[in-house]
*Asks:* 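The following block contains the structure, expressed as structure tokens.
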Amino acid sequence: PAAVLWAAALALGLMLPRGLPVAESVLGGGGGAWRVESGEISITVTQMRERITGGFSRWSADIEFEPRPVGGRHGQVRAEIDVGSLTLGAITVEVLAPEFLAARAHPVAVMEAEILPGTGEGYLADGQLTLRDVAVPVALPFTLDLDGDTARMTGAVTLDRRDFDIGRNFPDEGTVGFSVDVAIELTAHRRDEE
């Protein structure tokens, strides 16, 4: 069994209207609206001391972003992840089962955060991730490269599965590791004004 132990995702999130393939998300904000055209939320877990990486194929994000902070913040994000869309190699079925992600009972993970100035030229999505009806504070550092009408975002955070009551029958790391590494990448393009 698995390790998922979550993940994420998300994260920071950043994701698209529930059930839609990556490409429908819109970033709203001062510079106009942005459409996410590609992106990936991946997680890496440890099972039996072996690292396993997988990802979510369906997710959504509602993002407001201002390049210059207003009132100490750049904006906000609400991201939703379709938990059942996770694939994690040979352990996918176990990870989605009640002992771990409980995808049937809790089909959507939600990340809500304020976007704050980070260190250097980076940013911080500071909020909470709700998974399996457990809300845990999460601070996701990320970088954003704005180049004309294109925005590229990259972020990563490490979560602890125990914080979400995942895999309680695996109280040590001999079988299932505690840490879950979450990585997020997306590319968005400014939409033409209508």
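All residue numbers in this chain count up from 1 along the given sequence.
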*Asks:* What are the two closest non-hydrogen atoms of Asp133 and His106, and how far apart are they?
*Replies:*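 Closest approach of Asp133 to His106: OD2-CE1, 3.2 Å.
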*Asks:* Do Glu121 and Thr143 come close enough that some side-chain heavy atom pair is under 4.5 Å?
*Replies:*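 In short, these two side chains do not touch, never coming nearer than 4.5 Å.
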*Asks:* Mind checking whether Leu159 and Leu129 have side chains closer than 4.5 Å, heavy atoms only?
*Replies:*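 With C-beta onward as the side chain, the pair touches.
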*Asks:* I'd like to know whether Ile91 forms a side-chain contact (heavy atoms from CB on, under 4.5 Å) with Gln47, so could you lay out the CA-CA distance, the side-chain angles of the two residues, the decisive distance to 0.1 Å, and finally the verdict.
*Replies:* CA-CA 9 Å; Ile91 64 173; Gln47 179 186 6; 2.7 Å; yes
*Asks:* Looking at side-chain heavy atoms only, is the closest gap between Val182 and Thr158 below 4.5 Å?
*Replies:*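 A side-chain contact under 4.5 Å is absent here.
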*Asks:* Are Phe142 and Ile184 linked, directly or through intermediate hydrophobic residues, by side-chain heavy-atom contacts shorter than 4.5 Å (ILVMFWY only)?
*Replies:*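 Linked within one cluster.
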*Asks:* Test of understanding: with side-chain contact (heavy atoms from CB on, under 4.5 Å), list the residues that count as partners of Thr87, not counting sequence neighbours.
*Replies:*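 Partners of Thr87 by the side-chain contact (heavy atoms from CB on, under 4.5 Å) criterion, ordered by chain and then number, come out as Thr92.
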*Asks:* Does Arg162 have any side-chain hydrogen bond (donor to acceptor under 3.5 Å, both in side chains) partners at least two apart in sequence or in another chain, and if so, which?
*Replies:*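 Listed in chain order: Asp160.
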*Asks:* Is the closest side-chain heavy-atom distance between Val176 and Arg161 below 4.5 Å?
*Replies:*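 In contact.
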*Asks:* When hydrophobic residues are tied together by side-chain contacts of less than 4.5 Å, even through go-betweens, does Leu144 share a cluster with Leu124?
*Replies:*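 No; Leu124 is not reachable from Leu144 via cluster members.
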*Asks:* Search all heavy atoms of Ala139 against all heavy atoms of Asp126 and return the closest pair with its distance.
*Replies:*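 It is CB-OD1, 4.1 Å.
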*Asks:* Parallel, tilted or perpendicular for Phe65 and Tyr123, by the 30°/60° rule?
*Replies:*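 Perpendicular, since the angle between the ring planes exceeds 60°.
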*Asks:* My understanding is that only residues two or more places apart in sequence, or in another chain, count here; which of them pass side-chain hydrogen bond (donor to acceptor under 3.5 Å, both in side chains) with Glu99?
*Replies:*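 Partners of Glu99 under the side-chain hydrogen bond (donor to acceptor under 3.5 Å, both in side chains) test: Asn169.
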*Asks:* In the structure I gave you, are the side-chain heavy atoms of Leu86 and Phe100 within less than 4.5 Å of one another anywhere?
*Replies:*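 No; the side chains remain at least 4.5 Å from each other.
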*Asks:* What residues, two or more places apart in sequence or in another chain, satisfy side-chain contact (heavy atoms from CB on, under 4.5 Å) together with Ala156?
*Replies:*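 None.
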*Asks:* Among residues two or more places apart or on two chains, list those pairs meeting salt bridge (Lys or Arg N to Asp or Glu O under 4.0 Å) that have a residue in residues 45-55.
*Replies:*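 Sorted result for residues 45-55: Arg51-Asp181.
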*Asks:* Closer than 3.5 angstrom, by distance alone: can the side chain of Arg132 be matched with the main-chain N or O of Pro98 as a donor-acceptor pair?
*Replies:*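 Indeed, once roles are kept as given, a pair shorter than 3.5 Å links the two residues.
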*Asks:* Tell me, do Val138 and Met111 make a side-chain contact under 4.5 Å, heavy atoms counted?
*Replies:*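 SC-SC contact between Val138 and Met111 confirmed.
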*Asks:* Can you tell me how far CG of Asp147 sits from OG1 of Thr187, rounded to the nearest 0.5 angstrom?
*Replies:*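 Going from OG1 on Thr187 over to CG on Asp147, the span is 11.0 Å.
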*Asks:* Are Leu131 and Leu96 connected in the hydrophobic side-chain network, where two residues link if heavy atoms are under 4.5 Å apart?
*Replies:*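 The answer is yes; both residues are in one hydrophobic cluster.
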*Asks:* Just jot down the side-chain hydrogen bond (donor to acceptor under 3.5 Å, both in side chains) partners of Asp165, sequence neighbours excluded, or say none.
*Replies:*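 Partners of Asp165 under the side-chain hydrogen bond (donor to acceptor under 3.5 Å, both in side chains) test: Arg168.
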*Asks:* When clusters are formed by joining ILVMFWY residues with side-chain heavy atoms under 4.5 Å apart, either directly or through shared neighbours, do Val136 and Leu101 land in the same one?
*Replies:*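 Same cluster: Val136 reaches Leu101 through Ile, Leu, Val, Met, Phe, Trp or Tyr contacts under 4.5 Å.
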*Asks:* Nearest heavy-atom pair of Ser85 and Asp82: which atoms, and what distance?
*Replies:*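 Ser85 and Asp82 have their closest heavy atoms at OG-O, 2.7 Å.
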*Asks:* So, taking the atom named OG1 in Thr150 and the one named CG in Asp145, what distance separates them when rounded to the nearest 0.5 Å?
*Replies:*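 Between atom OG1 of Thr150 and atom CG of Asp145 there are 9.0 Å.
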*Asks:* Could you state the interatomic distance from CD (Glu112) to CZ (Arg78), rounded to the nearest 0.5 Å?
*Replies:*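 Here the interatomic distance stands at 4.5 Å.
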*Asks:* Got a second to check how far Arg58's CZ is from Ile41's CD1, nearest 0.5 Å?
*Replies:*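 If we round to the nearest 0.5 Å, Arg58:CZ and Ile41:CD1 are 12.0 Å apart.
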*Asks:* Closer than 3.5 angstrom, by distance alone: can the side chain of His74 be matched with the main-chain N or O of Glu66 as a donor-acceptor pair?
*Replies:*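 Between the backbone of Glu66 and the side chain of His74 there is a qualifying donor-acceptor contact (under 3.5 Å).
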*Asks:* In this structure, is the centre-to-centre distance between the rings of Phe178 and Phe170 below 6.0 Å?
*Replies:*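 Between Phe170 and Phe178, the centre distance exceeds or equals 6.0 Å.
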*Asks:* Kindly work out whether a path of hydrophobic side-chain contacts (I/L/V/M/F/W/Y, heavy atoms less than 4.5 Å apart) joins Val157 to Val134.
*Replies:*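 Linked within one cluster.
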*Asks:* Hey, what do you get for OG1 (Thr46) to CD1 (Ile52), rounding to the nearest 0.5 Å?
*Replies:*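 CD1 of Ile52 is found 8.0 Å from OG1 of Thr46.
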*Asks:* Taking all non-hydrogen atoms of both residues into account, name the closest pair between Ala103 and Val83 and its distance.
*Replies:*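 Heavy-atom minimum between the residues: CB-CG1, 3.9 Å.
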*Asks:* Once rounded to the nearest 0.5 Å, what's the spacing between atom OG1 of Thr130 and atom CZ of Phe164?
*Replies:*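 Answer for the OG1-CZ pair, Thr130 versus Phe164, is 8.0 Å.
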*Asks:* Testing the basics here: between Gly72 and Pro117, what is the closest heavy-atom pair and its distance to 0.1 Å?
*Replies:*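 Closest approach of Gly72 to Pro117, heavy atoms only: O-CD, 3.3 Å.
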